[in-house]
Amino acid sequence: MTAQEQQPGSPARGALQLVAVERTGHVATVTIQRPDKLNALNPAVLGELTAAFHDLLAQGSEVRAAVLTGAGKAFVAGADIAEMAAMNSIAAKRFAEAGHRLADLIETAPFPVIAAVNGFALGGGCELALACDFIYAAEGAKLGQPEVNLGVIPGFGGTQRLLRRVGPGRARELIYSGDMITAEQALAIGLVNAVFPAAELLARAREAALKIASRGPLAVAAAKRVLLRGESLDLTAANELEAQAFAALFGSEDQQLGMKAFLAKSQATFTGK
Ligand code: COA
């Protein structure tokens with residue numbers, strides 16, 4: 001099947017081969033496993049990632065936080081250039097849409113997703129990390145949007161999410177230059193939240209996920225929704241959205257449990273109801 005004929009990013013059927021999903025308690029870890037190609041995103045990987053996140057979504061409040069990482073020396077070294085080289089505009093549009101669908105799925109999931117950037121996060125890899133709620137990176141990781149080196153631009157949401165994450169000046173500089181930056185430089189511009197020794201990265205990301213998973217899941221989901229939607233609204237409308245979401249949590253089991261536990265000087269065990 002040629003790249004033009006494929007339906008990229010359609011959810012994979014059957015067992016996953018290019019993506020591993022593991023769940024411990026309420027925290028899931030999703031690992032992209034195509035290390036021989038530095039986890040480059042081809043339609044099969046996009047499809048499996050999409051299927052993996054659909055499956056996590058189907059588990060409801062059992063999944064309260066996730067970590068997304070890559071096997072080997074890369075997080076994701078980009079969309080698959082070998083596959084893209086053969087694409088015409090129609091296939092490229094479908095490929096971009098599949099990337100957008102996956103990014104939207106992660107961005108709108110009711111549980112936070114932390115990108116644990118273990119190595120190269122370039123092009124579609126940086127865009128995938130940007131679709132996550134925040135990014136932790138390993139020392140030695142490199143991030144960037146090198147698409148202009150290939151005669152194209154970011155196609156999985158990078159122009160918009162990088163702009164929103166690091167601001168217009170930094171986003172323009174990175175996208176126009178195609179330069180890779182170090183994890184430390186990414187930290188300095190707010191693209192990543194923290195940098196850890198490579199050996200500690202996954203544990204630190206899971207630790208953060210575990211903490212989030214111990215909080216009220218309905219509240220975390222509402223915060224994620226309001227933070228995301230509010231970004232594209234004016235302040236008045238965004239604050240109204242916040243007030244509505246705040247009010248809607250009252251009467252939930254989680255709100256009752258959380259407040260009662262505080263008043264009883266104990267720790268709430270949230271139900272997600
Ligand atoms: N698409 C397809 N294949 C890719 C890839 C991508 N984005 N990135 C890496 N690979 C493949 C390489 O072709 C190579 O395959 P091969 O062993 O069959 O030749 C394999 O992954 C290992 O990569 P290699 O280039 O040998 O590793 P390196 O350590 O020397 O260099 C990078 C690492 C990340 C600097 C380099 O692979 C690179 O520049 N990749 C492309 C980055 C990019 O432009 N991404 C944006 C795409 S829109």
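When a residue number appears, it is its place in the shown sequence, counting from 1. Read the numbers this way: they start at 1 and go in the same order the structure lists the ligands and their atoms.
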In the complex you have, is [atom] within reach of the protein, judged by whether a heavy-atom distance drops under 4.0 Å?
| atom | value |
| --- | --- |
| atom 13 (O) of ligand 1 | no |
| atom 1 (N) of ligand 1 | yes |
| atom 34 (C) of ligand 1 | yes |
| atom 19 (O) of ligand 1 | no |
| atom 37 (O) of ligand 1 | yes |
| atom 25 (O) of ligand 1 | no |
| atom 7 (N) of ligand 1 | yes |

Above 12 or not: heavy atoms from other molecules or residues under 6.0 Å from [atom1] of [X]?
| X | atom1 | answer |
| --- | --- | --- |
| Q267 | CD | no |
| L263 | CG | yes |
| E173 | CD | no |

Do any heavy atoms of A79 fall under 4.0 Å from ligand 1?
yes

Are M84 and ligand 1 in contact, using a heavy-atom cut-off of under 4.0 Å?
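Right, M84 reaches ligand 1.
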
Would you mind checking which non-hydrogen protein atom is closest to [atom], with the distance to 0.1 Å?
| atom | result |
| --- | --- |
| atom 15 (O) of ligand 1 | K37 NZ, 3.4 Å |
| atom 39 (O) of ligand 1 | L122 CD1, 4.9 Å |
| atom 44 (O) of ligand 1 | P146 CG, 3.6 Å |
| atom 28 (P) of ligand 1 | K73 NZ, 3.8 Å |
| atom 23 (O) of ligand 1 | L38 CD1, 3.5 Å |
| atom 3 (N) of ligand 1 | A40 CB, 4.2 Å |

Derivation and outcome, salt bridge (charged side-chain N to carboxylate O under 4.0 Å, His left out), residues D104 and R161
CA-CA 11 Å; D104 290 349; R161 290 195 181 90; 3.0 Å; yes

Does ligand 1 come near enough to [X] that some N or O of the ligand is less than 3.5 Å from an N or O of the residue?
| X | value |
| --- | --- |
| A77 | yes |
| I81 | yes |
| G123 | no |

Taking all atoms of both residues into account, what is the closest heavy-atom pair of L143 and A186, and its distance?
CD1-CB, 3.9 Å

What are the two closest heavy atoms between A121 and C126, and how far apart are they?
O-CB, 3.4 Å

With heavy-atom distances below 4.0 Å as the criterion, list the atoms of ligand 1 near E147.
48 (S)

Show the atoms of ligand 1 that are less than 4.0 angstrom away from any heavy atom in L150.
44 (O), 47 (C), 48 (S)

With a 4.5 Å limit on heavy-atom distance, are the side chains of [X] and [Y] in contact?
| X | Y | result |
| --- | --- | --- |
| I189 | L174 | yes |
| I135 | R165 | yes |
| P43 | F95 | yes |
| D36 | R34 | yes |

Interatomic distance, CZ@F53 vs CZ@R101, rounded to 0.5 Å, equals 15.5 Å

Residue pairs fulfilling side chain to side chain donor-acceptor pair (under 3.5 Å) with at least one residue in residues 115-144, sequence neighbours excluded
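Only T69-N118, D133-K224 qualify under side chain to side chain donor-acceptor pair (under 3.5 Å).
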
Any link between L56 and I212 through a network of hydrophobic side chains (Ile, Leu, Val, Met, Phe, Trp, Tyr) touching at under 4.5 Å?
no

Ligand 1 versus D36, non-hydrogen atoms closer than 4.0 Å: side chain, backbone, both, neither?
backbone

